[in-house]
Each structure stands twice: as structure tokens, then as C-alpha cells.
K.L.:
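Got a structure here, written out as C-alpha cells. Questions coming.
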Amino acid sequence: MAQPFDDAELGALLHRIADEARQDFAKGQNLGKVADYIPALAAIDPNKFGIAVTMVDGRQFCARDALEPFSLQSISKVFTLTLALELVGDELWSRVGREPSGTPFNSLVQLEYEKGIPRNPLINAGALVVTDAIVAAAAVSPPIKAIADFIRVRAANPTIRIDDVVAQSEKAWGYRNAALANLMKAFGNIKSPVADVLDTYFAQCSIAMSCADLSRAMLYLANAGIDPQSGQRVVSEQRARRIKAIMLTCGHYDASGDFAFRVGLPAKSGVGGGIAAIVPGRMSIAVWSPALSAQGNSVAGTIALEKLAAAAGCSIFD
Ligand code: GLU
């Protein structure tokens, strides 16, 4: 049984976790490697560390670099999945599965022998199908505006922007994503022009936002699909539950099992070093530290979430 934890202590807990991360960096411990296959990301200081919690009751706690924007990358896939389900409904599941892939985020191998149907919406192939659904169904032009506006409203921050330098860098080096999209186009599972889908995908990954913004933006998933601050229903309760199930089983690529074992929360990582995690009914957490494990997940971010979940007794398995 987890120890009772007073949420008023969260601010102090976040500062303690951030201090421990700083000490680890100083000692040269718990280090990973900043993503360098997107050159614009390679320049980020690996010792950055931010963490923020937004509670369902409106309280927010932040520590260290929590207000500094970072590259959202694959965490955007949770927002696009939400948006695509609202736009096209459960029909989306005929084009993308719901199984962990057990393969790297940008793997091509499985896609070939599974005939262009990606395992889940949180690996790159699946996210490209989801983005394709948005490109086809969005009521605004260009479709990236629908995605960026959705995120801005969720974060209650109209100033959130797309980092064009990162988007261009992703495009210039996006050979694997182009290969995935073209392979799926050949199987008939990408409907719009491949170039439009890729441009939208690179732009959504290049959205820059802070831990404070991100934890606020994910709050609807902590509150059964309703944004508790605006009262707006974002998705049905059933969809919110299902999105979290996919985050738990697929949110960390081929390290999803290890993350569930260590942290025990539905969460999504991105190669910008961010991780967003949901504590159902209670809070949304965002952590950022750019140095990554071999599987592309923030090393210090995962350690921080492991400590937070243990100290606050908030794993979904507690
Ligand atoms: N934009 C990155 C890519 O497609 C996202 C990968 C990630 O964050 O895991 O390669």
C-alpha cells in the first residue's frame, strides 16, 4: 500500500527531484544522448531539466526549466490522435492498430509484412496515418492550423508556436518518415498527397511548448475527457480511457513495458526529451530533459517520473 501523500507537498517534491537531477548531471550519472538525427535538436543543452504538474483542481507546480519551451516531437501524437478520433471517429481503427510494436519508433520492417497497417498511432507510421486523416478532414487550411490551434486551446496559451527551424531540419533529414509514408501510400493507407502529410507531421512535431503548457494541455485526459478549467468536453470518457490505454501500452516505443514497470502511468515521450504522463482523476505531469536512452526516451525524465510516482503514490497500479 502506498503512503498517503498530501498534494500540497508536490511543489517541494518537484524541487527535490529537480535538485537530484542536477546532482546526477554534475556527477556524470544518468546521462543519455541528445537526438542528433534531427540536426536542429542536436544543439540543445543536455543538462536542461524542467518538470510541471497541473492538478485537476487547477493548482500548478513547476520546477527549474519548466517554463522553457522545448520541441514537442512525438508527444504531439496524443493530441493528433484525439483530434483525428473527433474528426473521423472509430473508423480510424480500420487503418491503424492498438498493439505495442516492440520495434523502434521509426521502424519500417513490421509495416512491410503487416501490409501498411501500423501497429499503433504512437509510432511514426501510425502517427502519419493519423495526420493523414486530419489532413483529409480538417475544416481549415493548412491542416496544421487545426492541430496547432487544438493544442493552443488545450494549453490555454495562444502564443504556442511552431519552430520552423526544427520543422525544416526534420524535413531535410526525414528520409525514414518519407519511406514510411510512401510505403503506406503504396498499400493504400495514406489518402492525401505524401508531401502534404509529411509537411503537416514535421510541423506538428516541431511545436515548441513548456512543461507548464504541456501539463495544462493534457489535463483533459486526467479528467475523463473534460477540460476541468474551461468545462469543455474534449473527448468522450470512453475515448479518453482508450487514449490512455494506448499511452500506457505504446507511449514509449520498444521501452513501453519498462516504463510501465518503473513508473506505472499512461505517458508519451518525444525525442525532444519531453514526457507527458497522466494520473487519472488527479493530475497531468510534464517533464523535460533532452538526453535520451537508446530507445529515444528521456533518461532523466523517466527517473524523475519514477521518483514522483513512488513518492506521491500515484502509479495507476497502486
Ligand atoms: N519527429 C520525430 C520523428 O519523426 C519524432 C520522433 C519522436 O519524438 O519519437 O522522427
Side-chain angles (χ1 to χ4, degrees), residues 32-44 69-81 96 100-108 110-111 118-132 134-135 144 147-148 151 162-184 190 194-209 211 214 218 246-247 250-256 258-259 267-277 286-299 301-302:
K33 197 167 166 298
V34 172
D36 55 7
Y37 74 102
I38 301 170
L41 294 182
I44 311 286
F70 63 90
S71 196
L72 192 57
Q73 294 297 319
S74 281
I75 304 170
S76 64
K77 294 169 183 171
V78 176
F79 296 118
T80 50
L81 176 61
V96 58
S101 68
T103 60
F105 65 95
N106 54 7
S107 174
L108 281 141
Q110 209 166 42
L111 197 56
R119 275 287 174 103
N120 69 69
L122 300 183
I123 50 173
N124 285 18
L128 287 161
V129 168
V130 169
T131 297
D132 180 52
I134 295 173
V135 168
I144 183 59
I147 298 170
I151 292 174
I162 295 164
D163 185 330
D164 293 322
V165 174
V166 174
Q168 282 310 318
S169 186
E170 287 213 44
K171 186 172 179 166
W173 293 87
Y175 305 117
R176 292 193 75 90
N177 286 318
L180 290 167
N182 279 295
L183 186 56
M184 291 189 289
I190 291 285
V194 165
D196 295 354
V197 176
L198 287 173
D199 280 350
T200 308
Y201 173 78
F202 293 139
Q204 79 183 50
C205 289
S206 303
I207 288 173
M209 62 198 290
C211 290
L214 181 57
M218 289 278 177
I246 294 170
M247 291 169 77
C250 311
H252 281 69
Y253 312 116
D254 45 341
S256 297
D258 187 59
F259 187 88
K268 181 72 200 94
S269 67
V271 295
I275 304 175
V287 61
W288 169 53
S289 191
L292 308 177
S293 66
Q295 290 90 357
N297 304 310
S298 172
V299 174
T302 305

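Atoms within a ligand are numbered from 1 in the order they appear, just like the ligands themselves. What you see below is based on every heavy atom in this structure, not just the backbone, and it leaves out hydrogens, waters and symmetry mates.
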K.L.:
Is the closest N or O pair between G270 and ligand 1 shorter than 3.5 Å?
P.N.:
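There is no such contact.
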K.L.:
May I ask you to check whether N177 has an N/O atom sitting below 3.5 Å from an N/O atom of ligand 1?
P.N.:
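N/O-N/O distance under 3.5 Å: yes.
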K.L.:
So, do M209 and I75 sit near enough that their side-chain heavy atoms are less than 4.5 Å apart?
P.N.:
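Of all side-chain heavy-atom pairs linking I75 with M209, none is under 4.5 Å.
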K.L.:
With heavy-atom distances below 4.0 Å as the criterion, list the atoms of ligand 1 near C205.
P.N.:
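It comes down to these atoms of ligand 1: 1 (N).
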K.L.:
Is there a polar contact between ligand 1 and S269, counting only N or O atoms under 3.5 Å apart?
P.N.:
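Between S269 and ligand 1, no N or O pair is found under 3.5 Å apart.
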K.L.:
Quick check: does any side chain N or O of N297 sit under 3.5 Å from a backbone N or O of S293, one acting as donor and the other as acceptor?
P.N.:
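No, N297 side chain to S293 backbone: no donor-acceptor pair under 3.5 Å.
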K.L.:
Do S74 and N124 have side chains that get closer than 4.5 Å, going by heavy atoms?
P.N.:
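Answer yes - side chains close enough.
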K.L.:
Using a heavy-atom cut-off of under 4.0 Å, does the side chain or the backbone of F202 touch ligand 1, or both, or neither?
P.N.:
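Near ligand 1, F202 shows nothing, with every heavy atom at 4.0 Å or more.
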K.L.:
Hey, is N124 one of the residues with a heavy atom under 4.0 angstrom from ligand 1?
P.N.:
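In this structure, N124 qualifies as a contact of ligand 1 - some heavy atom is under 4.0 Å.
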K.L.:
Which of the listed options, A127, S206, S74, S169, holds the heavy atom that is closest to atom 5 (C) of ligand 1?
P.N.:
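Among A127, S206, S74, S169, the closest heavy atom to atom 5 (C) of ligand 1 comes from S74.
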K.L.:
Can any side-chain N or O of Q110 pair as donor or acceptor with the backbone N or O of R119 at less than 3.5 Å?
P.N.:
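Here the side-chain-to-backbone pair does not exist.
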K.L.:
Show me which atoms of ligand 1 lie under 4.0 Å from any heavy atom of Y253.
P.N.:
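Within the 4.0 Å cut-off of Y253, ligand 1 contributes 7 (C), 8 (O), 9 (O).
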K.L.:
Check whether any side-chain heavy atom of I44 lies under 4.5 Å from a side-chain heavy atom of W288, and answer yes or no.
P.N.:
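Yes, their side chains come closer than 4.5 Å.
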K.L.:
Do Y201 and K77 make a side-chain contact, defined as non-hydrogen atoms from C-beta onward lying under 4.5 Å apart?
P.N.:
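The answer is yes; the side chains approach within 4.5 Å.
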K.L.:
Which heavy atom of the protein is the closest neighbour of atom 2 (C) of ligand 1, given with residue, atom name and distance?
P.N.:
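Going by distance alone, atom 2 (C) of ligand 1 is nearest to Q73 OE1, 3.0 Å.
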K.L.:
Please write down residue, atom name and distance for the protein heavy atom closest to atom 4 (O) of ligand 1.
P.N.:
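Checking every protein heavy atom, the shortest distance to atom 4 (O) of ligand 1 gives Y201 OH, 2.7 Å.
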K.L.:
When you measure from atom 10 (O) of ligand 1 to every protein heavy atom, which one gives the shortest distance, and what is it?
P.N.:
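Ranking protein heavy atoms by distance from atom 10 (O) of ligand 1, first comes Y37 OH, 2.6 Å.
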K.L.:
Under a 4.0 angstrom heavy-atom cut-off, which atoms of ligand 1 come close to E170?
P.N.:
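Result: 1 (N), 2 (C).
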K.L.:
Does S169 use its side chain to pair, donor to acceptor, with the backbone of V165 at less than 3.5 Å?
P.N.:
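Pair absent, no side-chain N/O of S169 close to backbone of V165.
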K.L.:
When you measure from the side chain of S298 to the backbone N and O of S289, does any donor-acceptor pair fall under 3.5 Å?
P.N.:
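Yes: the side chain of S298 pairs with the backbone of S289.
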